Amino acid sequence: MRPPPPQPHSSGFPHSSQEVERAERPLGTQIDAALKGMQDAPRWMGWRFRALMALVLAACVGVFALAHALSKQARLPFDVQATPGGQVRITAVDYPPLQHLVGRVLVSVSRPHGAVEPALLDADSLRRSARWLTDVHRRQNLLDTHRQLCLVVDAAMAADQQVTLHFQGQPDETVVVAAQGWRGLSPLFWVLLLMALGVYTIGVIVAVSEVSSRAYAFGVLAWAQASRLTMLAVGQGWGWLLPAWVMRWDLNLGLWSTVLSAAALVQLAATYPRPQPHARWLVGGSWVLSLAAALWATLQPGSPSWWTVQCLCAALSALAVWSMGQSYKLTQHPVTLLVRRFVVVALAAWAFLMISLGSGDARPDMQVLLSTYGIMVWQVYVALIVAVAPYLSRTRPILLEFSMLAASSTVAASLDLLFVAAFSLGQFTSMTLSLFLSFGVYLLVRRWLLNRLPGRDPITMERLFQRLYRIAREVERRPDSLDASLMRLMRELFDPLEVQIVPGELRHATLRGNGSVLLVPVPHIEGPTLSRRPRTVMLLKHASKGQRLFSSEDARLAERVFEQLHRALSFDQAVEQGRSEERLRIAQDLHDDIGARLLTLMYQAPNAEIEEYIRHTIQDLKTLTRGLAAQSHSLTEAAGEWKRDLSQRLSAARCELDWHMSVDDEVMLTMVQWSSLTRILRELVSNAISHARATQVRVSLTLSQDRLTLSVTDNGLGREPATWSHGLGLGGVRKRVKQLNGSVRWSEAEPKGISCEVVVEPFSTSAQPTLTQQTTVQGGAGGGNTHPGLA
Amino acid sequence: MSVKVLILEDNPVARGFLCRVVRESFSDVSSIVEAGDLDAARRTLGHAAGGRAAAGADPFQLILVDLELPDGSGLELLTELANYPATRIVTTLYSDDEHLFPALQCGADGYLLKEDRFEVLVEELQKIVRGQPPLSPAIARRLLTHFRTGDMAGFGGGAASPVAPTPSAPAPLDHERLTPRESEVLTYLSKGFTIKEIAALMGIKWFTVNDHIKSIYKKLNVSSRAEAAVLASKQGLV
């Protein structure tokens, strides 16, 4: 399998189908492929790079050659414009001495001594391209006029560089013709040429980065658009003295590029991101049809063939739009939606242009303008779409601006036409007015649109912080909930179609599949419970339920969010570790120092009672320090120790132990629970031994459905527990039970003795202190594992 | 047979107490040598720190080592007494397995809890010398984990929790593995049953249970020594 391109900037629009399928397969192979791709050597080594460089350099050379050739072309020293009446009028002159020529209507151009036939001019002659003349006769007329014009100018250039101008109702004038030089090339020419070069380069990049029919189709599309732009530039650069052969060339080239673009568009629509069910038929059919129509139009130029070609191209574009819609239903790839919108807008604008061109014969001057500038704007728009399409995911803000700019320019052009047509304003005024208006609209709408765009800022920084904080708290309580919390957070941030966690290692968040898949490394939390996790990576597919692409800003946001979370969790870990180390130290000191002193005291106790009392104290101290030092005990383990201790003590006191235990669930005791239960048991059994002087003690411990029941029954002398005044020992029992949020009850046992029953329910949450208990909790119970702020 | 005893204990009151315990436990105690710290003990035994104590002309038969000493830990002395032909017993205030288990691994033959009553201590001491050392539930659990997975991490008194076994350690050798009966005994012990109860549950005699416990101790000793050797050779100490 071919690895995907390593650097994001060189990922092409039509990826191979294998790659995209891989992006959608929900297995670890995805991350493996991504990881492998990151470690492979860049693919731009070798023949691809060389081919790219060669082609681009050739194009640059071509550009300069073209500019050089154009600079040598002759130019008449004035600017002309079409009149509403269909004539040509001089509007500006290059040199002040010719100022008197301004405003005159030019009828024909000829050589001073009439050696060559004069060239008759009318509004049509000012067209830069013959493509938009549907009438065959007018087209032929145009070509003839230009041929004649060229003859005149060439003859003049060869001899004395003089040309005679014939005016309507004015005396003739002779002017000098000269080469326009580099300064004669207007800035528009350079802009168009460079844009053509850019689109061409992008086409080359995509075609070279992959060897597949899809890449080639995109290359064809890009080059067709580049050639159109070049022809437009030539038209601008040459001025209205365009020779006939260039125009013929332009005719055919334009025809072929339109047709090829339409067919390539259909192919791309049908095969990206995944080949459609009947892609083959669609693609094959469209290519065959378009090539046939183009051939027919070339061999038999005429109005019907021209219209057929145009309608066919429109039909193919509509087919591409439909195909993209179908493709979106199959696989919800946001690129499809986006490109479809663009194509629809282009198609609509083109239809509008065609209608205006076909039906505006009443205003020949408008026709000239439209056929020059209107077409130019549309062409530029389409070329920009083609250029931007491979990089859609990366350039979200640029994309937004571009789309809004495109919309506003369309609005501007329409307004301009409207002003001129409806209000008959002057050209300059209408253009400026429409530009101002559309710019104003753009500025106004921009802010509103930016805020209204779906998925733009679904979650503000404040809520993000809250979520992060809550996740950190939850992970601290239950460390294995990290994955689930992260997935929830990502879902809220991006609303993806699918979220997964796969094993793997990544250093940074990356985009794959042209923005349809986002890979983010999951933060690796060190710690006693989490240190064994392998590194994982989170996989997000198709933001906003498949309507949006992930952009590089999204990747950075995800990475930053995870980094913050990682910091918060590490901090918590460090705090917890510091706390537990301190507890350990306190426990150690308590045990060693105080314990040793109590021991000494015990050895020197004057009588057995005091000795027993001190022993009891030492044991309580040990429970306390063990509670501080250790993390958690399991109930069955603790019960084993209790049983052993009690049997030892009871056998030493010549008592019999009757131990019963039944537990339905293996639970871990918190520190509070463990120390409380230990001490409760110890107290109750001590009581039974010393005060009740029992011979048999029955201890029963049951945990069933989160309800713990501990009962200690003896057969001693105690009676009427309700009348007892509880000393320190039994008071301690009551306190411990209260710590567990349980209840304790003493009752008389039959035939003799006392039974004490402790019930704690619910047991799993019994040790979490409420706020009121916090202030009264003492000693070892403070080592609980909950935050003081949480109730 | 007369018994020569060495008691290493820093608290003088506790030392006196232990002396009484020893005299009560054995009928003929020839002499009790008391040492207040590690240095004194080493001088008595005639070896330097870090070396091995060799049995001299008149060796001790019983050595009581306090774990909580001011100038080090009793564990050091225990390792130094590895080849000494005496019954080594640790005395400690700690009763949890984290402190006792390393002592057992270092070669102690048994342990005494300082908080116990006089009679209890006497009885325990006699049992240890007879070869019936005690085994608390916590230690039993530790032993189970140790023999199941070869608890290298627990060697040397680490603070690792005994609950989770480390999967990375290699399986222990044959002579260090427990027999099924021994595992059974350990499991019952970890649940808190007394020796009498275990004998009743397993249908064997009381003495057999003790024999099992004795062999467990020995295996722990052997495996600990083997582990120590392996560890030392790994770290290039040997």
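Chain identifiers are assigned alphabetically (A, B, ...) following the order of the sequence lines, protein sequences preceding nucleic acid strands; residue numbering begins at 1 within each chain. Just so we're clear, the structure is a prediction, and the values are computed from it rather than from any experiment. The analysis underlying the following values was restricted to heavy atoms, covering all of them including side chains, and did not include hydrogens, waters or symmetry mates.
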Salt bridge or not for B:Glu197 and A:Lys643, using N-O below 4.0 Å?
yes
A:Glu611/B:Arg117 ion pair, N-O < 4.0 Å:
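Salt bridge between A:Glu611 and B:Arg117, a charged N being under 4.0 Å from a carboxylate O: no.
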Other residues, nucleotides and ligands only: do more than 12 of their heavy atoms fall within 6.0 Å of CD on A:Glu666?
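Above 12, so yes.
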Within a radius of less than 6.0 Å around CZ of B:Arg130, do more than 12 heavy atoms belonging to other residues, nucleotides or ligands occur?
yes
So how far is it from [X] [atom1] to [Y] [atom2], rounded to the nearest 0.5 Å?
X: A:Leu599; Y: B:Asn11; atom1: CG; atom2: CG; value: 6.5 Å
X: A:Glu637; Y: B:Arg141; atom1: CD; atom2: CZ; value: 3.5 Å
X: B:Leu18; Y: A:Tyr603; atom1: CG; atom2: OH; value: 5.5 Å
X: A:Gln648; Y: B:Thr194; atom1: CD; atom2: OG1; value: 9.5 Å

Tell me, for B:Ile139 versus chain A, whether the close heavy atoms (under 4.5 Å) come from the side chain, the backbone, both or neither.
neither
Side chain, backbone, both or neither: which part of B:Lys114 has a non-hydrogen atom closer than 4.5 Å to chain A?
both
So which heavy atom on B:Val13 is nearest to which on A:Gln604, and how close?
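For B:Val13 and A:Gln604, the tightest heavy-atom pair comes out as CG2-NE2, 3.5 Å.
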Pick whichever of B:Phe193, B:Tyr94, B:Phe118 has the most heavy-atom pairs under 4.5 Å with chain A.
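Result: the option with the highest number of such pairs is B:Tyr94.
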Looking at B:Lys191, B:Glu115, B:Glu119, which one has more heavy-atom pairs under 4.5 Å with chain A than the rest?
B:Glu115
Greatest number of heavy atom pairs closer than 4.5 Å to chain B - which of A:Ala596, A:Gly640, A:Ser634:
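Most heavy-atom pairs within the cutoff with chain B belong to A:Gly640.
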Closer than 3.5 angstrom, by distance alone: can the side chain of A:Arg644 be matched with the main-chain N or O of B:Ser190 as a donor-acceptor pair?
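It does not hold such a pair.
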Side chain of A:Lys622, backbone of B:Leu93: donor and acceptor closer than 3.5 Å?
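Yes, A:Lys622 side chain to B:Leu93 backbone: donor-acceptor pair under 3.5 Å.
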Cut-off 4.5 Å, heavy atoms of chain B, and the answer for A:Thr600 is both
